[in-house]
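Contents: one structure, followed by commentary.
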Amino acid sequence: LEFRRVLFRSYAIKKIRLIRQITKIGRDKRRIDNELIEKFSGFDVTKDLIEDLTSSKKDTLNLEGKKIGDSCVRIISKWMVSPSAESCTKIKLANNSITLVGAAKIAMALKQSSVRELDLRGNPIGSRGWKALGIALSENLTVINFRYDKKRVPNNINFEIERQLLINKYLSNPKKF
């Protein structure tokens, strides 16, 4: 049992160090070398994710169906608030393994991000995660297109999300209403 605790702690410390490394790389806008890609491969981060986050002037981050989990979402959420993500307006994270933890990270990053479209369909987020995302939408007025599984979301949260999206769409272009 003690060995498992030590192993888990060392795994967590390595993971934190790697997250800091990729955040630093995103800020510096440098390309990632193959050694860093090999380091991340053990943490369920794909080569596509790292290349997408470090390539500059992309308007869409498409990670749909890449089987990413909450550990990758933590990296993505840090990237969302970095200067290198300012040109990105669409983030597609549909059909992955994002849970409540990942949804909370996205919600925190969404409050400071300039993303206009977000796709989270097909993820086992749960009602508390959807509620956090709904609150983040009320604080971020730039999101006008939010794709999600309406059948998985409780009605009261679904109503709040749809209401906020209508407000955001109106504020972005009042002449269309």
Side-chain angles (χ1 to χ4, degrees), residues 15-16 19-20 22-24 26-27 43-46 48-50 52-55 57-174 176-177:
K15 198 171 178 182
I16 290 169
I19 290 169
R20 287 181 182 157
I22 194 147
T23 305
K24 181 181 177 188
R27 272 193 306 253
F43 293 105
D44 197 26
V45 178
T46 63
D48 295 337
L49 168 65
I50 296 168
D52 281 346
L53 293 181
T54 56
S55 63
K57 303 294 181 188
K58 271 198 151 190
D59 69 333
T60 303
L61 177 65
N62 188 359
L63 298 171
E64 191 170 344
K66 299 279 186 178
K67 299 178 182 173
I68 63 170
D70 295 334
S71 59
C72 294
V73 171
R74 182 173 291 135
I75 296 167
I76 293 167
S77 65
K78 287 189 179 221
W79 171 81
M80 284 172 66
V81 297
S82 70
S84 61
E86 288 176 359
S87 63
C88 186
T89 58
K90 300 175 189 173
I91 298 179
K92 297 180 180 181
L93 298 172
N95 303 318
N96 287 301
S97 301
I98 300 169
T99 64
L100 167 65
V101 175
K105 293 291 181 187
I106 291 172
M108 288 187 340
L110 198 59
K111 292 176 184 178
Q112 304 168 18
S113 175
S114 60
V115 172
R116 295 183 58 79
E117 296 183 28
L118 182 62
D119 187 357
L120 290 171
R121 293 171 292 141
N123 288 298
I125 291 176
S127 61
R128 289 180 20 199
W130 291 117
K131 186 171 186 170
L133 288 164
I135 292 169
L137 281 175
S138 67
E139 295 180 22
N140 179 337
L141 301 177
T142 62
V143 178
I144 58 171
N145 191 3
F146 183 61
R147 298 180 75 186
Y148 63 103
D149 296 325
K150 294 178 182 170
K151 293 180 181 176
R152 291 185 180 184
V153 180
N155 286 337
N156 59 338
I157 298 170
N158 194 359
F159 174 76
E160 288 299 318
I161 290 173
E162 291 297 323
R163 184 180 68 81
Q164 192 57 47
L165 285 174
L166 275 173
I167 291 169
N168 292 358
K169 285 178 185 177
Y170 175 76
L171 292 174
S172 69
N173 192 357
K176 282 191 174 181
F177 283 86

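Of the possible donor and acceptor atoms, one in the side chain of Ser82 sits under 3.5 Å from a partner among the backbone N and O of Trp79. Using modelled atom types, one side-chain atom of Asn96 and one backbone atom of Ala94 make a donor-acceptor pair closer than 3.5 Å. The closest donor-acceptor contact from the side chain of Ser113 to the backbone of Ala109 lies at 3.5 Å or more, if one exists at all. Asp149 contributes no side-chain N or O that, together with a main-chain N or O of Arg121, makes up a donor-acceptor pair within less than 3.5 Å. A donor-acceptor contact shorter than 3.5 Å is absent between the side chain of Arg74 and the backbone of Val101.
A 4.5 Å side-chain heavy-atom check between Ile68 and Leu93 finds at least one atom pair inside the cut-off. Looking only at side-chain heavy atoms (C-beta outward), Leu137 and Leu110 come within less than 4.5 Å of each other. Side-chain contact between Thr89 and Val115: absent, with no pair of heavy atoms (C-beta onward) separated by less than 4.5 Å. In this structure the side chain of Lys131 never reaches within 4.5 angstrom of the side chain of Val153, judged on heavy atoms. Looking at heavy atoms from C-beta onward, Leu120 lies out of side-chain contact with Ile91 at the 4.5 angstrom threshold. Using a 4.5 Å heavy-atom threshold, the side chains of Asn123 and Asn95 count as separate. Side chains of Glu160 and Ser138 form no contact here, defined as non-hydrogen atoms less than 4.5 Å apart. Taking 4.5 Å as the limit, some side-chain heavy atom of Ile98 sits within range of a side-chain heavy atom of Asp70.
Separation of atoms CG (Asn155) and CZ (Phe159) is listed at 11.0 Å; rounding is to 0.5 Å. Distance CE/Met80 to CD1/Ile106: 6.5 Å, rounded to 0.5 Å. Distance check, rounded to the nearest 0.5 Å: SG of Cys88 to CD of Glu117 gives 10.0 Å. Atom CD of Glu64 and atom NZ of Lys66 lie 10.0 Å apart (nearest 0.5 Å). Atoms OG1 and CG, on Thr60 and Asp119 in that order, are 11.5 Å from each other to the nearest 0.5 Å. Atom-to-atom distance recorded for Ile157:CD1 and Arg128:CZ is 11.0 Å, nearest 0.5 angstrom.
For residues 98-121, the set of pairs meeting the ring pair (Phe, Tyr, Trp, His ring centres under 6.0 Å) definition, not counting sequence neighbours, is empty. Judged as a salt bridge (Lys or Arg N to Asp or Glu O under 4.0 Å), not a single pair has a partner in residues 94-108 (not counting sequence neighbours). Residue pairs meeting the ring pair (Phe, Tyr, Trp, His ring centres under 6.0 Å) criterion with at least one member in residues 95-132, sequence neighbours excluded, are Trp130-Tyr148.
Comment: Glu162 engages Lys150 in a salt bridge, judged by a side-chain N to carboxylate O separation of less than 4.0 angstrom.
Not a single side chain to side chain donor-acceptor pair (under 3.5 Å) links Ser114 to another residue, sequence neighbours left out. Partners of Arg147 according to the side chain to side chain donor-acceptor pair (under 3.5 Å) rule, which considers only residues two or more places apart in sequence or in another chain, do not exist here. For Thr142, the side chain to side chain donor-acceptor pair (under 3.5 Å) partners are Asn140, not counting sequence neighbours.
Minimum interatomic distance between Ala107 and Ala132 (heavy atoms only, all atoms of both residues): CB-O, 3.5 Å.
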Please lay out, stage by stage, how Leu165 and Val143 fare under the test side chain to side chain contact (heavy atoms under 4.5 Å, CB included).
CA-CA 7 Å; Leu165 285 174; Val143 178; 4.2 Å; yes
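By the neighbour-count criterion of 12 heavy atoms within 6.0 Å, atom NZ of Lys90 is sparsely surrounded, having that number or fewer from other residues, nucleotides or ligands.
Side-chain N/O atoms of Gln164 and Asn168 include a donor and acceptor closer than 3.5 Å.
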